[in-house]
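Take a look at the structure set out below.
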Amino acid sequence: MGSFKGRHIISLRDMSVDDLGTIVEATARVKSGGAADMLRGSTVAVMFFEPSTRTRLSFESAILQSGGRVFGFASPGASSQSKGESFADTIRTVTGYCDAMVIRHPVEGAARLASELATVPVINAGDGANQHPTQTFLDLFTMEEEFGRLDGLKIGMMGDLKYGRTVHSLAMAMAHFGARMTFISPPNLRMPDSAKAELLARGIGFTEVQQPEEAGVDLDVLYITRIQKERFGDPQEYESVAHCYRLTCETVRALGGSVRIMHPLPRVDEIAEEVDTLPNAIYFRQAHNGVPTRQALLGLVTGGLE
Ligand code: NCD
């Protein structure tokens, strides 16, 4: 566990199966009340250059609930970027004000760049369409809670697999656990070739289909994502796929009825509200797990949690 102290958390590519196990186990300890105040004396900067509800607020809640102090901004307009300051200079400055930094940025690779400039641990809270590691940690914790295991799960990932950073991180993580993955998307929003090549190089097979019903009736999890409107270069291309999926209770029945429905949120119209009342719709519980997961992670990287 000591290996986390001072570490940057940028991409699932940097994480071993043991690292993921450590985070899930630490989250369970935090959630059961077995760790408190592990950020007392620590100050964390939370800098969001892109909109967010869950990620930013759950980080802030995590810091406050663990006795830490938090400061930052929720949009780049509130920082000196609006005066023309470079991202690099912002990082070089803020690193001197805090013990850890949480950064969300629209440009892929921004968090990696920040980690090369900062003298404190940097946590990637989403960089463009690339990676969203802390979302994956809370997804893993939620699945562990639900199934009591992570090994060998059958998971369908549906929606915008091209631009969705949550599914890019999740697919890399699930590869460690021998998951059987089905990618469900319109042809122009398939999982990127680079991600598929990485899976194949690790000996992980997958299936690609266009409709959820084609995934069969034995999925453990259907992980749905929003079509990432803001990442489309061409508005017409967005319109052509904007409302391509809408999960209803009938679809859930067609999938066997007991499949757990997960979603990183925000949802637009890809899950009908009638689904919310099903016991297997676990996306709000998943969102709530963001707090203990981020408490645990910050505790590990600042050294407050052993
Ligand atoms: C996701 C994101 O920002 O990538 N949201 C989140 O962090 N829970 C998913 C999305 O925006 O669709």
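Positions are given from 1, in the same order as the sequence printed here. We count ligands from 1, going down the list as the structure has it; atoms in each ligand are counted the same way.
- The main-chain N or O of Pro51 is found under 3.5 Å from a side-chain atom of Arg104 such that the two form a donor-acceptor pair.
- In this structure, the side chain of His8 does not engage the main chain of Arg112 through any donor-acceptor pair within 3.5 Å.
- Residue contacts with ligand 1 leave out Thr225, since none of its heavy atoms falls under 4.0 Å from the ligand.
- Of all protein heavy atoms, the one lying nearest to atom 11 (O) of ligand 1 is Arg226 NH2, 2.9 Å.
- Here's the thing with His132: one of its N/O atoms is less than 3.5 angstrom from an N/O atom of ligand 1.
- Geometrically, Arg7 engages Phe4 in a cation-pi contact defined by less than 6.0 Å to the ring centre and at most 45° from the axis.
- Remark: among candidates Thr166, Asp160, Ile224, Ile227, the nearest residue to atom 1 (C) of ligand 1 is Thr166, based on non-hydrogen atoms.
- Linking Ile, Leu, Val, Met, Phe, Trp and Tyr whenever their side-chain heavy atoms come within less than 4.5 Å leaves Ile91 and Phe48 in two separate clusters.
- Here's the thing with Gln135: one of its N/O atoms is less than 3.5 angstrom from an N/O atom of ligand 1.
- For a threshold of 3.5 Å applied to N or O pairs, the pair formed by Gln228 and ligand 1 contains at least one separation below that value.
- Judged by distance alone, with hydrogens and angles left aside, the side-chain atoms of Asn124 form no donor-acceptor pair with the main-chain N or O of His132 at under 3.5 Å.
- The aromatic rings of Phe206 and Phe183 sit tilted relative to each other, their planes meeting at an angle between 30° and 60°.
- By the 4.0 Å heavy-atom criterion, Glu50 is excluded from the residues contacting ligand 1.
- Here is the list of ligand 1 atoms found below 4.0 Å of a heavy atom in Thr55: 6 (C), 7 (O).
- Close N/O approach between Pro266 and ligand 1 is not found [any backbone or side-chain N/O within under 3.5 Å].
- What sits closest to atom 3 (O) of ligand 1 on the protein, heavy atoms only, is Arg165 NH2, 2.9 Å.
- Between the side chain of Gln286 and the backbone N or O of Thr142 there is no donor-acceptor pair closer than 3.5 Å.
- Which parts of ligand 1 touch Leu265 is read off a 4.0 Å heavy-atom cut-off, strictly below it: atoms 1 (C), 5 (N), 6 (C), 8 (N), 9 (C).
- Aromatic ring centres of His263 and Tyr223 lie farther apart than the 6.0 Å criterion allows.
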